[in-house]
Amino acid sequence: MLLRTARAALYVVPPLEVLLLVVLVAGVPLPAPVLVAAEAAAVAVLALELLVARRLYHAERRGGAGRRAALSATVDHLVPPLVRRLLELEVKGLAAIALFAVRRRPPVPPGAVAAPYAREQAPMLLVMVFLMAVETAAVDLLLASLDVPAAVRVTVLVLDVYGIVFALALGASCALRPHLVSADELRVRFGEYLDVRVPRALISSARQARNYNEGGMVSVADGRLVVAVSSQTNVVVELAEPVTVTRPLGGRAEVRAIRFFADDPAAVVRALRAPAVTA
């Protein structure tokens, strides 16, 4: 019961605290009872989380787990999987922006063929970021001219800026994480959000096939994984046996075919059709 309550509180209290912080930063005066109640709720939730975490940690230790393993298991039990996944994606997205800005690229494994896919979407993302920046400034000026309360203006501004950061993180992570064809496997990736490893022994065929009408960037339907860029795919891989894929938010599905986009689809197909050379 305590564990369910603690996990539910993580869905509710942090967003309310962020909203309260935005209101205070905006300079909106709040009645003292509201501030006291908000802080009391935050303290109560923190105490509950610490109590539950302590019990979980000691239970893992009594079960024979080491300190690091016990701490990891405690976080897994306490923090809802969706919250962990969202936080992980946010951190990785911000890291991708930083790595892209300083021109640091993760190394390609020896013998592997990198297959970039970000070139097609780069112009669209740049236009989107520009328009979002213009919209952010225009909306803020409009709200100011209408004498909208500062709390609303700051909230809208924060959301708009977050949208810009998300678009930059998407573009940077896709540029840093190309598809890979190695002697052992095909890795189909979409930035930090998807990484599917397919053993080459399971690939029954690979061919070029263009589709300009894909619905969504990453989707699974009828046993087929689609990883599209600008609603396009141009490589189709059929599998002899199904593989399990993990979707961006953690869901799992089995697929027997994969459609994805590559800047140079012919090179990808050649690499997949070439005999796998091992050392």
Side-chain angles (χ1 to χ4, degrees), residues 68 71-72 75 79 81-133 136 158-200 216-218 225 227-230 232-235 237 245-250 258 260-272 274 276-279:
R68 180 173 296 182
L71 182 59
S72 177
V75 173
V79 182
L82 179 59
V83 174
R84 294 201 307 272
R85 181 59 178 163
L86 290 174
L87 290 175
E88 178 186 357
L89 290 177
E90 292 295 325
V91 172
K92 288 184 175 181
L94 293 175
I97 294 176
L99 290 174
F100 187 83
V102 299
R103 299 181 179 275
R104 290 189 60 184
R105 303 291 187 270
V108 175
V113 175
Y117 51 89
R119 184 177 62 197
E120 182 73 23
Q121 72 178 3
M124 179 194 68
L125 280 176
L126 290 175
V127 171
M128 182 184 301
V129 169
F130 174 75
L131 293 177
M132 291 171 69
T136 298
V158 168
L159 293 175
D160 285 342
V161 170
Y162 173 79
I164 294 173
V165 172
F166 177 80
L168 292 173
L170 176 64
S173 62
C174 286
L176 295 175
R177 298 286 187 271
H179 306 308
L180 294 174
V181 181
S182 68
D184 301 319
E185 64 182 7
L186 162 68
R187 290 180 69 178
V188 178
R189 306 199 280 190
F190 192 78
E192 304 290 352
Y193 309 96
L194 182 76
D195 189 352
V196 178
R197 295 172 177 261
V198 181
R200 289 189 64 173
M217 292 180 288
V218 178
L225 170 67
V227 186
V229 172
S230 299
Q232 300 179 50
T233 56
N234 52 20
V235 177
V237 173
V245 303
T246 302
R247 303 186 192 190
L249 293 182
I258 302 175
F260 61 95
F261 181 88
D263 291 341
D264 187 353
V268 176
V269 173
R270 283 196 304 269
L272 289 173
V277 179
T278 57

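No experiment lies behind these values; they were computed from the predicted model shown.
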Between [atom1] of [X] and [atom2] of [Y], what distance do you get to the nearest 0.5 Å?
X	Y	atom1	atom2	answer
E120	F261	CD	CZ	4.5 Å
Y193	K92	OH	NZ	10.5 Å
T233	L225	OG1	CG	10.5 Å
L176	R103	CG	CZ	12.0 Å

Step-by-step side-chain contact (heavy atoms from CB on, under 4.5 Å) determination, L168 to L125: CA-CA 8 Å; L168 292 173; L125 280 176; over 6 Å; no
- request: State whether the side chain of R187 and the backbone N or O of R197 hold a donor-acceptor pair below 3.5 Å, judged by distance alone.
  value: no
query: Is the shortest heavy-atom distance from the side chain of L180 to the side chain of E185 under 4.5 Å?
result: no
query: Within a strict 4.5 Å, meaning less than it, do heavy atoms of the R189 and L194 side chains meet?
result: no
message: Is the ring pair F190/Y117 parallel, tilted or perpendicular, if the boundaries are 30 and 60 degrees?
response: parallel
Closest approach of [X] and [Y], non-hydrogen atoms and distance?
X	Y	value
A96	A172	O-CB, 3.6 Å
V229	Q121	CG1-CB, 3.6 Å
L89	P248	CD1-O, 3.7 Å
A262	H179	CB-CD2, 4.5 Å
G93	A169	O-CB, 3.6 Å
A114	P178	CB-CG, 4.1 Å

task: Decide if atom CZ of R105 counts as having more than 12 heavy atoms of other residues, nucleotides or ligands within a radius under 6.0 Å.
output: yes
task: Any chance you could lay out the side-chain contact (heavy atoms from CB on, under 4.5 Å) test for L94 and V165, step after step, and finish with the verdict?
output: CA-CA 8 Å; L94 293 175; V165 172; 3.8 Å; yes
task: Give me the one residue out of V235, V196, L272, V113 that meets side chain to side chain contact (heavy atoms under 4.5 Å, CB included) with L186.
output: L272
